[in-house]
Amino acid sequence: MKFKLVLPALYLVIALLAWFDFARLPPDGLANLGLMLVVMPITALDLALRPTSNPGHSIFMPDKFGYYGNHAVFFAVSVIIIALLLWIVGAAIDRHRARANRR
């Protein structure tokens, strides 16, 4: 099994399901909860970097594309970053398993 392909693929399926769930819900404060959970590392970084003078304003989410557009930009970029990191982790696991099998 190639972890560098399986890990990002599973994550992308989960992200796609979360997006479909978000898109069918009305635009309220709880609709984006699933999205934020799927991209939790980016969400946590966003929360940590927010200014104390305006803690309700996300620094990673744009304000010019409307509710769904803003969330789409934030979510898509976050998913790509996390999928890339999972690919890197999967590649490291594959290398480690290949070395262990040679011994």
Side-chain angles (χ1 to χ4, degrees):
M1 175 178 359
K2 297 259 185 201
F3 282 93
K4 71 180 179 182
L5 299 176
V6 172
L7 291 178
L10 287 174
Y11 177 72
L12 290 173
V13 167
I14 292 168
L16 189 61
L17 292 172
W19 179 260
F20 285 141
D21 183 54
F22 169 74
R24 72 175 181 80
L25 295 173
D28 63 5
L30 294 176
N32 63 2
L33 185 61
L35 295 184
M36 298 307 152
L37 288 174
V38 171
V39 294
M40 181 59 79
I42 307 296
T43 302
L45 181 63
D46 179 45
L47 289 171
L49 295 176
R50 287 183 183 185
T52 55
S53 61
N54 191 4
H57 178 69
S58 171
I59 63 169
F60 293 148
M61 191 173 304
D63 286 334
K64 59 185 174 180
F65 303 113
Y67 181 77
Y68 290 106
N70 293 342
H71 282 80
V73 170
F74 170 78
F75 189 67
V77 171
S78 299
V79 165
I80 289 168
I81 291 169
I82 293 172
L84 178 62
L85 291 173
L86 286 172
W87 183 84
I88 291 169
V89 168
I93 292 170
D94 289 342
R95 280 192 306 272
H96 177 72
R97 290 178 67 209
R99 267 189 253 128
N101 288 339
R102 281 189 237 153
R103 293 179 186 169

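The model shown is predicted, which means the values in this text are computed figures rather than measured ones.
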### Query
Shortest non-hydrogen contact from Pro51 to Ile59?
CD-CG2, 4.1 Å
### Task
Identify the heavy atoms of Leu12 and Ala83 that sit nearest to each other, and give their distance.
CD2-CB, 4.1 Å
### Task
Just grab all the side chain to side chain donor-acceptor pair (under 3.5 Å) pairs involving residues 83-102, residues at least two apart or on different chains.
none
Would you mind writing out the side-chain donor-acceptor pairs for residues 29-45 within the sub-3.5 Å range, not counting sequence neighbours?
from	atom 1	to	atom 2	distance (Å)
Asn32	ND2	His71	NE2	3.1
Thr43	OG1	Met36	O	3.1
Thr43	OG1	Val39	O	3.1

### Task
Treating Ile, Leu, Val, Met, Phe, Trp and Tyr as nodes and any side-chain heavy-atom pair under 4.5 angstrom as an edge, say whether Val6 and Ile14 lie in one connected cluster.
yes
### Query
Given the rule that I, L, V, M, F, W and Y join up when any side-chain heavy atoms are under 4.5 Å apart, are Leu49 and Phe74 in one cluster?
yes
### Query
Can you list the residues that meet the side-chain contact (heavy atoms from CB on, under 4.5 Å) rule with Ala9, with sequence neighbours excluded?
none
### Query
In chain order, what residues pass the side-chain hydrogen bond (donor to acceptor under 3.5 Å, both in side chains) check against Arg50, with sequence neighbours excluded?
Asp46
### Query
Shared ILVMFWY cluster between Leu17 and Trp19, side chains joined below 4.5 angstrom?
no
### Set of side-chain contact (heavy atoms from CB on, under 4.5 Å) partners for Asp63, sequence neighbours left out
His57
### Query
Looking at side-chain heavy atoms only, is the closest gap between Val77 and Ile81 below 4.5 Å?
yes
### Query
Could you give the distance from NZ (Lys64) to CG (Asn70), rounded to the nearest 0.5 Å?
9.5 Å
### Query
If you group Ile, Leu, Val, Met, Phe, Trp and Tyr by side-chain heavy-atom gaps below 4.5 Å, do Met1 and Ile93 land in one group?
yes
#### Entry: With Tyr68 via ring-ring contact (aromatic ring centres under 6.0 Å, His included) - residues at least two apart
Phe22
### Task
Check the hydrophobic clustering (I, L, V, M, F, W, Y; side-chain heavy atoms under 4.5 Å; chains of links allowed) and say if Phe3 and Leu5 are grouped together.
no
### Query
Between CG of Leu25 and CZ of Phe20, what distance do you get to the nearest 0.5 Å?
13.5 Å
